[in-house]
Amino acid sequence: MDVADLPGVPEWLPDHLRDDGIEELYPPQAEAVEAGVTEGKNLVASIPTASGKTLIAELAMLSSVARGGKALYIVPLRALASEKQADFEEFEQYGLDIGVSTGNYESEGGWLADKDIVVATSEKVDSLVRNDAPWIEDLTCVVTDEVHLVDDGERGPTLEVTLAKLRRLNPDLQTVALSATIGNAEALATWLDAGLVDSDWRPIDLQKGVHYGQALHLEDGSQQRLSVQNNEKQTAAIVRDTLEDDGSTLVFVNSRRNAEAAAGRLANTVRPHLSDEERGRLADIAEEIRDVSDTETSDDLADAVADGAAFHHAGLSRGHRELVEDAFRDRLVKVVCATPTLAAGVNTPSRRVVVRDWRRYDGSAGGMAPLSVLEVHQMMGRAGRPGLDPYGEAVLIANSHDEVDELFERYVWADPEPVRSKLAAEPALRTHILATVASGFARSREGLLEFLEQTLYASQTDEGGQLERVVDDVLTYLQRNGFLEIEAGELDATSLGHTVSRLYLDPMSAAEIVDGLRDWERGASDSTSASGSPADPQAEPPADSGFTTASELAENAAGSDDDRDPDDISALGLYHLVSRTPDMYQLYLRSGDREEYEMELFEREEELLGPTPSEFEEGRFEDWLSALKTARLLEDWATEVDEATITERYGVGPGDIRGKVETAQWLLGAAESLASEVDLDAARAISEARIRVEHGVREELVDLAGVRGVGRKRARRLFQAGITDRAQLRDADKAVVLAALRGRRKTAENVLENAGHRDPSMEGVEPAPDVSVDLDDGDTDTNGDVTADDDQSSLGDF
DNA sequence: GGTACGCGCCTATAGACAGCATGTC
DNA sequence: CTATAGGCGCGTACC
């Protein structure tokens, strides 16, 4: 189909596409147009990655906007939100306004209501609906990227429920759903009352194969000789072979450690193939990587990159990831060894893809579980860059002759699994039922079930019995914990319930937080026996186990003599409290850790909020310990322990620290709201703990770190120079400030201005000579300090 | 005596959304 | 209920 023949699109679009070198649509795109995407029709497109999904989305959104509408583009990852924003911003020249909204970022300059196209994550959209964002009603078109993720147990239900809500709010809404190739695209189409484009077409050939011994067996039956030389691994042989053809390789492995180890080894394979010029540019990038942070991960990555290899996983910080992705796209880095982060995420195609590990550890399966066909196909789909490579090759690695056949059967020739709704699971319904009631989508049990009828789950199952049963369990749970009231069949969210829904908390997290805080106020004496575990946990839904109901408000109102002062709650206690909620991704407890944290628990049990579960309750006790480990990490961060020490002590990457800190910040913010909601007096302690973790500073720096432009390091330097709070900074001797900030005039001016200094100008000011500021060269003060504390407390016990 | 290698045993295990109100070194 | 790579200690073979 020629771009001139597109019905319903703005008149500038055909020319715009031609300028981009697009004269004709790809076949699946043409099918989509024939199905009416540009004329407001619903559509499900199940097509491979990189076969033009984005254009289908654009056609739908632009034509909808051209008719005076407003479009929403839902992405699964924050990283994709910014990528799509960049894509769509080229339409700004035609007067369109693009906006982005994710948890940590909101586009500035004009509210989202004024935007023509809004990009957001599914959770953010859910949250916007819960908080009654007024512009939601103006939407005329919603595009969902990667809809097959409704199959995901944790995040799928959010997408499902959110789509159902959007469609309910606005029955005329055009719904376009983009999916990877899946087994049951027609089921999605039925659910969304949509036309269907289901195609395998790719703009560039993809040849799948399995490597074993000295040969690469391809799916068309041919074989390529690809010999493994002296001692090298199969992966190395493939990488070398690709390099000889001047191509790059993406290697998928199943753990972070494997990614790092493989990158280190493959660096040796790549090194001899680099030109001098490449070596020079790679050295520069390696230097930038070292600048991002001075952790071991950072060093290892820099070493590998200097040789043209890299690893990529979620433990990397944002800066690291971007540098690696860019260098790979620029073809400087020849090999990237990645965990599945890269397959789901951003656009980094490569000549060849190697799927080295096809099994992955899965705690719920109790061991290694094979990857799904869908996942493997998604990884393989990264092979071949349109316009750059003649074709793409995706290779699985077999370790035996039998495995060759197995891999062909299991992945190369197999069709992807059907997508199935995971909505009927209790944890998902807990949060969505509360939100559905709180935001007025349902006012009775029947209304609730009727609403759930609009989900994929309902369209995929014939017997409603299962769903109904879980719904009743969840309603009971929500009622018992004081989130909902049920009266004469009427459902009503309590004010606590509304708060929880708006805060986007899992109700179970909210219950845990409220109970923990309340338990503290009630005093320690009766808490050891106060575990709310039902007598027979087996008979109760798992959601209930171990929690006193949050509705026992009246019980402690009387107050007793052993009430404790809420200001005495320690930061560790609060960090532990939020770390044990289901909203915090827990740290893995390694074998050696168990003993260490049992000891730690023994020493600091007093500080924790709520009764420690019995050691015989295996699962709960384990969770309690790993929450303690997470809490310790946060405490270290809030005690100015430096990054490198933390990564080493807890076995995490630099990016993980950021993630934990961010989550803790969010949950503590939520805890603050909850405390005031239920009249608990802990707000001050929580707020301080939150600010400390936010800036990563000890108590005495909280005030200083609140000044814009002052982080944990600058705050500490100022403090050492004798400036201990914001007020002092406001009237400080400029010479001292300048010296404390190591003579950086511009920084000092900024800081003083933000602190409200009368005359921030640094002109003619010289750093005061008697102020010494040596904290970042080596692990002198802050770290040394903390390490000493640490030694003291642990040594004292042996 | 030193080194190189191979074997068996032990260990450890992917990803990342959200409130609210603004900004690290 | 499922696996496997890598690191380490140890024993053997060889110079």
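Numbers restart at 1 for each chain; the letters A, B, ... are given by sequence-line order, proteins then strands.
Applying the ring pair (Phe, Tyr, Trp, His ring centres under 6.0 Å) rule to A:His377 yields no partners; only residues at least two apart in sequence or on another chain are considered. Looking at residues two or more places apart in sequence or on another chain, you find a salt bridge (Lys or Arg N to Asp or Glu O under 4.0 Å) between A:Lys124 and A:Glu106. Scanning for ring pair (Phe, Tyr, Trp, His ring centres under 6.0 Å) contacts around A:Phe252 gives an empty result, with sequence neighbours left out. A:Tyr575 meets the ring pair (Phe, Tyr, Trp, His ring centres under 6.0 Å) test with no other residue; sequence neighbours excluded. Here A:Asp405 pairs with nothing under the side-chain contact (heavy atoms from CB on, under 4.5 Å) rule; sequence neighbours left out. Remark: A:Glu325 engages no residue in a salt bridge (Lys or Arg N to Asp or Glu O under 4.0 Å) (not counting sequence neighbours).
Contact check on A:Arg430 versus A:Asp506 returns a salt bridge, with a Lys/Arg side-chain nitrogen under 4.0 Å from an Asp/Glu carboxylate oxygen.
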Please test A:Glu662 against A:Arg78 for salt bridge (charged side-chain N to carboxylate O under 4.0 Å, His left out), starting from the C-alpha separation and ending with a verdict. CA-CA 14 Å; A:Glu662 234 177 59; A:Arg78 293 203 286 232; 3.3 Å; yes
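Checked against B:dA16, B:dA18, C:dA5, the side chain of A:Thr102 finds its nearest nucleotide in B:dA18. Distance from the side chain of A:Glu123 is smallest to B:dA18 among C:dA5, B:dA18, B:dT24. You'll find that the side chain of A:Leu77 is closest to B:dC17, out of B:dT22, B:dC17, C:dG6. Across B:dA16, C:dA5, B:dC25, the shortest atom-to-atom separation from the side chain of A:Arg321 is found for B:dA16. Residue A:Lys233 places its side chain closer to C:dG6 than to any other of C:dG6, B:dT24, B:dG19. The side chain of A:Asp152 lies closest to B:dG15 when the candidates are C:dA5, B:dG15, B:dA18.
Distance, A:Leu668 CG to B:dA21 C1': 16 Å, rounded to whole Å. At whole-Å resolution of the value, CZ in A:Arg690 and P in B:dG19 are 14 Å apart. Following rounding to the nearest Å, A:Leu503 (CG) and B:dA21 (C1') show an atom-to-atom distance of 14 Å. Rounding to whole angstrom units, NE2 of residue A:His695 and P of B:dG23 are separated by 10 Å. Between A:Arg716 atom CZ and B:dT24 atom P there is a gap of 17 Å when expressed in whole angstrom units. Nucleotide B:dT24 holds its C1' atom 19 Å from the CZ atom of A:Arg692, rounded to whole Å. Here B:dG15 presents its P atom at 12 Å from CG of A:Asn258, a figure rounded to the nearest Å. A straight line from CD of A:Glu694 to C1' of B:dG19 spans 12 Å, rounded to a whole angstrom.
Sorted by first then second residue, the salt bridge (charged side-chain N to carboxylate O under 4.0 Å, His left out) pairs that include residues 743-752 of chain A, not counting sequence neighbours, are A:Arg745-A:Glu766.
Residue contacts shown for A:Gln665 include a base, since a base heavy atom lies under 4.0 Å away. Residue A:Arg265 is in sugar-phosphate contact alone, with no base atom involved, counting any heavy-atom pair closer than 4.0 Å across all strands shown. Residue contacts shown for A:Gly659 are absent, as no nucleic acid heavy atom lies under 4.0 Å away. Counting any heavy atom pair closer than 4.0 Å across all strands shown, A:Gly655 reaches no nucleic acid atom.
Place A:Lys124 and A:Gly709 on DNA chain B by their nearest nucleotides, and A:Lys124 ends up nearer the 5' end. Nearest-nucleotide assignment on DNA chain C puts the 5′-proximal partner with A:Pro370, out of A:Asn399 and A:Pro370.
For B:dG19, the OP1/OP2 oxygens have a side-chain nitrogen or oxygen of A:Ser127 closer than 4.0 Å. At the phosphate of B:dA16, neither OP1 nor OP2 sits under 4.0 Å from any side-chain N or O atom of A:Lys660. Between A:Arg359 and C:dT4 there is a side-chain N or O to OP1 or OP2 distance below 4.0 Å. Phosphate proximity of B:dC17 to A:Thr158: absent, as no side-chain N or O sits under 4.0 Å from OP1 or OP2. Dashed line: the shortest gap from a side-chain N or O of A:Arg714 to OP1 or OP2 of B:dC25 is under 4.0 Å.
For the residue pair A:Val693 and A:Trp637, the shortest heavy atom distance occurs at O-NE1, 2.9 Å.
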Mind listing the N/O atom pairs, protein and nucleotides 10-14 of chain B, below 3.5 Å?
| unit_1 | atom_1 | unit_2 | atom_2 | d |
| --- | --- | --- | --- | --- |
| B:dA12 | OP2 | A:Ser591 | OG | 2.9 |
| B:dA14 | OP1 | A:Arg256 | N | 3.0 |
| B:dA14 | N1 | A:Arg360 | NH2 | 3.1 |

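Screening A:Arg712, A:Lys713, A:Arg716, A:Arg698 for a side chain to side chain donor-acceptor pair (under 3.5 Å) involving A:Glu640 leaves a single residue, A:Arg716.
Comparing the C1' positions of B:dA18 and C:dA3 gives a spacing of 35 Å, expressed to the nearest Å. For B:dA14 and C:dT4, the C1' atoms lie 16 Å apart once the distance is rounded to whole Å.
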State the dot-bracket string of DNA chain B. Criteria: Watson-Crick or G-U wobble, both atom distances under 3.5 angstrom; notation: ( ) intrastrand, [ ] crossing earlier pairs, | interstrand, . unpaired. |||||||||||||............
